[in-house]
There are 2 protein chains.
Amino acid sequence: MPQKNFDEIRELDLFSKLKDESFSKLMRGAYFKQFPPQIELIDEGDSADFLHILTSGAVELFSRWENRETTLATVFPISTFILAATMTDLAYLMSARTLEKSQIILIPSEDVRAVFSEDRDFANAIVLELARCYRGVVRTTKNLKLRSASERLANHLLVLHKRMDRRNSLTLPYEKRRLASYLGMTAENLSRTFTLLAENGVEVHGKEVVISDLGKLEAFARPTSLIDG
Amino acid sequence: MPQKNFDEIRELDLFSKLKDESFSKLMRGAYFKQFPPQIELIDEGDSADFLHILTSGAVELFSRWENRETTLATVFPISTFILAATMTDLAYLMSARTLEKSQIILIPSEDVRAVFSEDRDFANAIVLELARCYRGVVRTTKNLKLRSASERLANHLLVLHKRMDRRNSLTLPYEKRRLASYLGMTAENLSRTFTLLAENGVEVHGKEVVISDLGKLEAFARPTSLIDG
DNA sequence: CGCGCTATTGATCGGGATCAAGGTAAGTGG
DNA sequence: CCACTTACCTTGATCCCGATCAATAGCGCG
C-alpha cells in the first residue's frame, strides 16, 4: 500500500489518536484491494468479517427487499463503512457496491475488536464514530417522515451547497437516479421536482446545479440543524 | 430510590458488567424523578445533560418540523434512551414526552462519559448498545423506504407477536394514532389498513389483535431478519 | 457514427393524505 | 345509574403527491 494512503487513513477521526502500535496491528492484518466499478462488495446478511475503508473511488450502500431496492448512502474517500456490524459481529444490514473503480482496505473485524479492547483512545474514537453514524440515520428518518419529496431535494441541495464551501454552483457527485433513490423518490419524480425548484432559485443543467437565489431556496426548504446537520 | 429499581437497572445490558465502584459513581449523581403523563421531558435541540433511564411508565420519542410531528419510538421499562447525544455531548435530535405517569432516572452526561473512560467494561457495553441502536434505525429506514404502509403494519404485527411469546392474541401497547405515526401513516389510513388485513389473517377489536391465520399474515408481510430483526 | 445508458417528458394510475362526519368507549358529575 | 363530556377511532368522499408505464431525448463512448 502506498505510504500516502497510510498517512491519509491515519488522519481519519477513527485512527488519528491511536497508538502507533495499535495502528500497525490493524494494518498488519489488512488487505489492500482494488475493485472495478459495479462490483458487489457486500451482500446484506453476510457476516461482518471486515471493516472497510474506502481510499479512492466511490461506494454505494443500498438494500434490497422483494425486488425493490433503495440507496441508503454513498461513501466517498476517505472513509470507513459498516463499523456497527463489525463491532457487534453480526450480519451486515446493508449491501455495498462500487460505483467506480475503487481502492478499499479490509481490516479483519477481529483485529478491530481486539484493538478496541486494548487501546482506550481507539475505543473512544469508535464510540464517537458510532454515535455520529447513529445520529446521521436518525436525521435521515426524520427527513423521510417529516418532509415531502421536494422539501427533501431542496434541503439536500442546501447541504451540498454548504459542503461545497457555499459556492453557488455545484456538481452532483452521483447519478440522478441514485440521488432519487437516496431521497426516497423515483428518477422521474426527481426530474419533475427539479423543474419545480426552478421557481425557487435552482437551475439545473445535467449534473451542474446553480443556486441562483439562495434566499428563495432556503425559504422553500426551511432547513434545520436538527435534520440537516 | 427503591432497592428493587437499583437491581433492575443493574441488570440492564449497559450496566450488568460494570464494576460496583463505577455503578455507584453513576448512581451517586443520579436524580430519581416521577413525572405525570404528557410531560415534555426533552425538547429536541436541548443540550444532552442527562442520560435517561425509564423504570416505569412509558415515554414517546418524537420529532417536530414545521407544524408536523412524527413518532420515532416508544420506550418501555426498563431501558435507557438518548445515549448517543449523551456520549457526543451534542444536542438531542429527538423530543421526549411521557405517555403515562413515569419514573425516570437522570444520570448527568459528564458522569457517564467519565465512567466510560475509566471502566473498560462499560465502554464495551456502550459500544454494543450504540451499535444496536444504530442498526435499529437502519432497519427503520429500510422499512420506510422499501415497504408500503400495509406491509409495514403487517410486519409490525408479526414483530409484536414474536415479542409476545408468539401468542396468537395480543394487545397493542400504544394508542393507534401513535402506532400510525410510528409506521409513517395517518390514523385514518391505519384504520383502513387494519380492515384490509382482515383478509390476511388479522382480527382487530379495539386494542386487541388476534392473528387468526399466521401463515396468511406472513405470506402478506414477507418478513426478513434484515429488517424486522 | 450508432449503440447503450441515463434523463426527461407525458399520460395515467393509485396509495395515502386530507377534510368532514359519525361512532364508540371511558370517564365524570349530577 | 344515567346523561353528558371528551377523547379516540372509524368511515366516507375527495384530492393530490408521487409511482408507474411508455415514449423520446441527450449524452458519453467505443
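Quick note on labels: first sequence line is chain A, next is B, and so on, each numbered from 1.
Rounded to a whole Å, the NZ atom of A/K207 is 18 Å from the P atom of D/dG26. In this structure, CG of A/N67 is placed 11 Å from P of D/dT20, rounded to the nearest angstrom. Counting to the nearest Å, the P atom of C/dT6 and the CZ atom of A/R178 are 7 Å from each other. B/R68 places its CZ atom 9 Å from the P atom of C/dT18, with the value rounded to the nearest Å. Between the CG atom of A/L196 and the C1' atom of D/dC16 there is a distance of 14 Å, rounded to whole Å. Distance B/H205 NE2 to C/dA25 P: 11 Å, rounded to the nearest Å. Rounded to whole angstrom, the span from the CG atom of B/L172 across to the C1' atom of D/dC9 amounts to 12 Å. If you measure from atom CG of B/N189 to atom P of C/dT18, you get 11 Å, rounded to the nearest angstrom.
Minimum interatomic distance between A/R10 and A/F15 (heavy atoms only, all atoms of both residues): NH1-O, 2.8 Å.
Nucleic acid contact for A/A187: none, since no nucleic acid atom lies under 4.0 Å from a heavy atom of the residue. Heavy atoms of B/T193 sit nowhere under 4.0 angstrom from any nucleic acid atom.
Aromatic rings of A/Y174 and A/Y182 (six-membered ring for Trp) have centroids beyond the 6.0 Å cut-off, not under it.
Counting distance only, with no hydrogens placed and no angle test, the side-chain atoms of B/R192 and the base atoms of C/dG15 include no donor-acceptor pair under 3.5 Å. The base of D/dC21 sits with one of its N or O atoms less than 3.5 Å from a complementary donor or acceptor on the side chain of A/E188.
Distances shown here put every side-chain N or O of A/S191 at or beyond 4.0 Å from the OP1 or OP2 atom of C/dA7. An OP1 or OP2 oxygen of D/dT10 is reached within less than 4.0 angstrom by a side-chain nitrogen or oxygen of B/K176.
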Exercise. Assess whether side chain to side chain contact (heavy atoms under 4.5 Å, CB included) is satisfied between B/K207 and B/E175, documenting all intermediate values.
Key: CA-CA 8 Å; B/K207 290 192 171 184; B/E175 294 168 298; 4.3 Å; yes

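Relative orientation of the B/H52 and B/Y92 rings is perpendicular, given thresholds of 30° and 60° on the angle between their planes.
A donor-acceptor pair under 3.5 Å links the side-chain atoms of A/T193 to the main chain of A/N189, judged by distance alone.
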